[in-house]
Q: 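One structure follows; several queries about it will come next.
Since the structure is predicted, the reported quantities are computational estimates derived from the model, not experimental observations. Heavy-atom basis, side chains included; hydrogens, waters and symmetry copies ignored.
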Amino acid sequence: MRRETVLAKELSVRLTSWMPNNYSEARNHDHELEWYLWFEGREAFRLFDKGPSDLIPAHGYFGDQIQPMIYPRVVNNRFKVRLVAIERDGPQWLDPDDRAKDDLWIDLDQVGPYSTWTIVAKGSDTALNVQVSFDIVSLEYVNAPEIPAPGKPSIEDTTNFPFPWGGEIKVFEHDLGLGRQARLDLADSRRVSRRDLWTIVPGNPGMLKQSTQDIYRFGVADIGIANDTMSSLYLPKPAKGRYSITVYDHDFSDPRFAQGAKRTLSAPGLYKLSDFGLGDRVSSVEVAHTYPKTNPPRPPN
């Protein structure tokens, strides 16, 4: 596939409240106020409000919507949110627009995928002051054709789209692939066994297919992130064969290992370990890579 777009995260954001803390004029006048909320340089929401400045919006109301959901897309885990407010009180020649703005940086690797924020736009030469509060409630990985990719277009493997980690097995500190992360490197030093498997080919009775299965183990000191901090993992589809991964709540050397909890996952995707009762509890990991067996070429006669 010719890559001309980027992979992004689509945030699920609930706008919880907004408030004009102050207008640029004294009370008892009418205003026209508009404000814009931007995520990573792209507009995510706008609101136009007109009426007496003595009236404030009811909590949770955004025009005719109550705590609406918006779905901005961001490329980076750390991104800027900007609030811009503009108030108009009369003709430009008589009363120029009053403007206020503010920026807020959010780092999903630090706070995780669930957080609450408030941003306040203030003017440097006006009393205008507008506050907006919102919750980030989740995120989803997406292919974002509307966002141009930097650099020259290139050929890229799309096997594991829309996840951005390609064919690497990853473990993460937070849910949904956020926070500290580590790659499980399937190196020879981690392989504990190799065996040949025979399977019956569906639809061809009596026909067998030979595969090889390698088993890799990662103990408490080998995973790459601190013990009992893993919250999510990413299992890709490899170029050849298939992966399965088993997570355990005890280390292989722990005497409690055999009686401990475990979970085996075999479908490619991003997993939230708390769904299986193993969030922040994993101490060891086992990866099985099964792939078609290749026979060495015959020597020449």
Q: Residues two or more places apart in sequence or in another chain: which of them pass salt bridge (Lys or Arg N to Asp or Glu O under 4.0 Å) with Asp228?
A: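 Salt bridge (Lys or Arg N to Asp or Glu O under 4.0 Å) check on Asp228 returns nothing, list empty.
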Q: Under 4.5 Å between any side-chain heavy atoms of Asp102 and Lys122, yes or no?
A: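 No - every pair of side-chain heavy atoms lies 4.5 Å or more apart.
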Q: Determine, using the 4.5 Å side-chain heavy-atom cutoff (strictly less than), whether Trp38 and Val74 are members of one ILVMFWY cluster.
A: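 In one cluster with Trp38: Val74, no.
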Q: Take atom CZ in Arg191; do more than 12 heavy atoms of anything else shown fall under 6.0 Å from it?
A: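 Counting neighbours around CZ of Arg191, more than 12 heavy atoms of other residues, nucleotides or ligands fall under 6.0 Å, so yes.
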Q: Give a yes or no on whether the backbone of Ala239 and the side-chain of Tyr291 come within a donor-acceptor separation of less than 3.5 Å.
A: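 Not confirmed, Tyr291 side chain does not pair with Ala239 backbone.
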Q: Less than 4.5 Å apart, side chain to side chain, heavy atoms only: is that true for Leu139 and Leu108?
A: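 Side-chain contact under 4.5 Å: yes.
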Q: Which other residues belong to the hydrophobic cluster containing Trp105, where Ile, Leu, Val, Met, Phe, Trp and Tyr are joined when side-chain heavy atoms lie under 4.5 Å apart, directly or via other members?
A: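 Taking Ile, Leu, Val, Met, Phe, Trp and Tyr as members, Trp105 stands alone, with no cluster partners.
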Q: If you compare all heavy atoms of Ile225 against all heavy atoms of Val171, which two are closest, and at what distance to 0.1 Å?
A: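 Distance-wise, the nearest heavy atoms are CD1-CG2, 4.2 Å.
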Q: Hydrophobic clusters join Ile, Leu, Val, Met, Phe, Trp and Tyr when side-chain heavy atoms are under 4.5 Å apart, directly or via other members; which others share one with Val142?
A: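 Members alongside Val142: none; it stands by itself.
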Q: Can you give me the closest heavy-atom contact between Ser231 and Glu173, atom names plus distance?
A: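 Scanning both residues completely, I find the closest heavy atoms to be OG-O, 2.8 Å.
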Q: Are the side chains of Leu128 and Leu33 in contact, using a 4.5 Å heavy-atom criterion?
A: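 The answer is yes, as the side chains (C-beta and beyond) meet within the 4.5 Å cut-off.
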Q: Considering only heavy atoms from C-beta outward, does the side chain of Pro57 approach that of Ser17 to under 4.5 Å?
A: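 Result no, sub-4.5 Å side-chain heavy-atom pair not found.
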Q: Would the number of heavy atoms belonging to other residues, nucleotides or ligands and lying under 6.0 Å from NZ of Lys101 be above 12?
A: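 12 or below, so no.
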Q: Can you name the salt bridge (Lys or Arg N to Asp or Glu O under 4.0 Å) partners of Arg195, sequence neighbours left out?
A: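 Arg195 satisfies salt bridge (Lys or Arg N to Asp or Glu O under 4.0 Å) with no residue once adjacent residues are dropped.
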Q: Is a donor on one side and an acceptor on the other found under 3.5 Å between the side chain of Arg73 and the backbone of Lys9?
A: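 No; zero donor-acceptor contacts below 3.5 Å.
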Q: Ignoring hydrogens, what is the shortest heavy-atom contact between Gln181 and Phe172? Give both atom names and the distance.
A: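 Taking Gln181 first and Phe172 second, the nearest heavy atoms are CB-CD2, 3.5 Å.
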Q: Is NZ or CZ of Arg190 both nearer than 6.0 Å to the six-membered ring centre of Phe218 and within 45° of the ring axis?
A: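 So Arg190 does make the cation-pi contact.
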Q: Given 3.5 Å as the limit, does a donor-acceptor pair link the side chain of Asp254 with the main chain of Arg256, or not?
A: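 Answer holds: yes.
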Q: Provide the closest heavy-atom pair for Val282 versus Met230 in the form atom of the first, atom of the second, distance.
A: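 So the minimum-distance heavy-atom pair works out to CG1-CE, 3.7 Å.
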Q: Tell me every residue that passes side-chain hydrogen bond (donor to acceptor under 3.5 Å, both in side chains) with Thr159, counting only those two or more places apart in sequence or in another chain.
A: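 In terms of side-chain hydrogen bond (donor to acceptor under 3.5 Å, both in side chains), with neighbours along the sequence ignored, Thr159 is linked to Asp157.
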Q: Is Val220 linked to Val285 within one hydrophobic cluster, defined over Ile, Leu, Val, Met, Phe, Trp and Tyr using a side-chain heavy-atom separation of less than 4.5 Å?
A: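 Different clusters.
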Q: Between Leu11 and Phe39, is any pair of side-chain heavy atoms under 4.5 Å apart?
A: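 Contact flag for Leu11/Phe39 side chains = yes.
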Q: Which of these, Asp251, Asp249, Asn227, sits in a side-chain hydrogen bond (donor to acceptor under 3.5 Å, both in side chains) with Ser283?
A: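 Going through the options one by one, the only one that passes is Asn227.
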Q: Could I get the full list of side-chain hydrogen bond (donor to acceptor under 3.5 Å, both in side chains) partners for Arg42, not counting sequence neighbours?
A: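 Only Glu40 meet the side-chain hydrogen bond (donor to acceptor under 3.5 Å, both in side chains) criterion with Arg42.
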Q: Does OH belonging to Tyr114 count more than 12 external heavy atoms closer than 6.0 Å?
A: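 Count over threshold, so yes.
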Q: Under a 3.5 Å distance rule, please check whether Asp135 uses its side chain to pair with a backbone N or O of Thr116 as donor and acceptor.
A: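 No; judged by distance alone, with no hydrogens or angles, the pair does not exist.
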Q: Are side-chain heavy atoms of Phe276 and Leu265 found at a separation under 4.5 Å?
A: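 Phe276 vs Leu265: side chains touch.
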Q: Can you sort out the partners of Asp49 under salt bridge (Lys or Arg N to Asp or Glu O under 4.0 Å), two or more places apart, ordered by chain and number?
A: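 Partners of Asp49 by the salt bridge (Lys or Arg N to Asp or Glu O under 4.0 Å) criterion come out as none, since no residue qualifies.
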Q: Can you list every ring-ring contact (aromatic ring centres under 6.0 Å, His included) pair that touches residues 65-84, not counting sequence neighbours?
A: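 Applying ring-ring contact (aromatic ring centres under 6.0 Å, His included) to every pair that reaches into residues 65-84, excluding sequence neighbours, yields nothing.
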Q: Would you name the heavy atoms of Leu178 and Pro113 that are closest together and state the gap between them?
A: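 That would be CD1-N, 3.6 Å.
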Q: Please lay out, stage by stage, how Ser12 and Glu140 fare under the test side-chain contact (heavy atoms from CB on, under 4.5 Å).
A: CA-CA 8 Å; Ser12 296; Glu140 182 179 354; over 6 Å; no
Q: Would you say Asp107's side chain and Asp109's backbone share a donor-acceptor pair under 3.5 angstrom?
A: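 Flag set: sc Asp107 to bb Asp109 pair under 3.5 Å.
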Q: Keeping the roles fixed (side chain from Trp18, backbone from His59), state whether a donor-acceptor pair exists under 3.5 Å.
A: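 Flag not set: sc Trp18 to bb His59 has no pair under 3.5 Å.
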Q: Run Gln65 and Leu15 through side-chain contact (heavy atoms from CB on, under 4.5 Å) and show every step you take.
A: CA-CA 10 Å; Gln65 303 180 74; Leu15 302 178; over 6 Å; no
Q: Keeping Tyr141 on the side-chain end and Leu176 on the backbone end, is there a donor-acceptor pair under 3.5 Å?
A: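 At least one qualifying donor-acceptor pair exists.
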Q: Using side-chain hydrogen bond (donor to acceptor under 3.5 Å, both in side chains) as the criterion, list what pairs up with Ser133, not counting sequence neighbours.
A: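 Checked Ser133 against side-chain hydrogen bond (donor to acceptor under 3.5 Å, both in side chains); matches are Thr118.
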Q: What verdict does the side-chain contact (heavy atoms from CB on, under 4.5 Å) test give for Phe45 and Val132, after you've listed the backbone C-alpha separation in whole Å, the side-chain angles of each residue and the deciding distance to 0.1 Å?
A: CA-CA 11 Å; Phe45 188 82; Val132 176; over 6 Å; no
Q: How are the rings of Trp35 and Phe62 set relative to one another: parallel (under 30°), tilted (30 to 60°) or perpendicular (over 60°)?
A: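 Perpendicular: the ring planes of Trp35 and Phe62 meet at over 60°.
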Q: Could you work out, with salt bridge (Lys or Arg N to Asp or Glu O under 4.0 Å) as the rule, every residue matching Arg183, not counting sequence neighbours?
A: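 Partners of Arg183 by the salt bridge (Lys or Arg N to Asp or Glu O under 4.0 Å) criterion, ordered by chain and then number, come out as Glu168, Asp185.
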Q: Look up atom CD1 in Ile136 and atom CD1 in Ile106, then write down how far apart they are to the nearest 0.5 Å.
A: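 The CD1 atom of Ile136 sits 4.0 Å away from the CD1 atom of Ile106.
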Q: Please, which pairs that meet ring-ring contact (aromatic ring centres under 6.0 Å, His included) have at least one residue in residues 240-260, sequence neighbours excluded?
A: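 Qualifying pairs: Tyr243-His289, Tyr248-Phe252, Tyr248-Phe257, Phe252-Phe257.
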Q: Is Ser232 reaching over with its side chain to a backbone N or O of Gly177, donor-acceptor style, under 3.5 angstrom?
A: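 Flag set: sc Ser232 to bb Gly177 pair under 3.5 Å.
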Q: Taking all non-hydrogen atoms of both residues, which atom of Arg99 and which atom of Thr126 are closest, and how far apart?
A: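 Taking Arg99 first and Thr126 second, the nearest heavy atoms are O-CG2, 3.4 Å.
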Q: So if you build clusters from Ile, Leu, Val, Met, Phe, Trp, Tyr with side-chain heavy-atom gaps below 4.5 Å, do Leu233 and Ile169 land together?
A: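 Per the 4.5 Å side-chain linkage, Leu233 and Ile169 are co-clustered.
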Q: Taking side chain as C-beta onward, heavy atoms only, is Leu184 less than 4.5 Å from Ile245?
A: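 They are in contact (side-chain heavy atoms under 4.5 Å apart), so the answer is yes.
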Q: Test of understanding: with side-chain hydrogen bond (donor to acceptor under 3.5 Å, both in side chains), list the residues that count as partners of Asp275, not counting sequence neighbours.
A: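 Checked Asp275 against side-chain hydrogen bond (donor to acceptor under 3.5 Å, both in side chains); zero matches.
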Q: Go through the steps for Thr290 and Gln213 under the test side-chain hydrogen bond (donor to acceptor under 3.5 Å, both in side chains), then give the verdict.
A: CA-CA 4 Å; Thr290 307; Gln213 185 179 77; 3.0 Å; yes
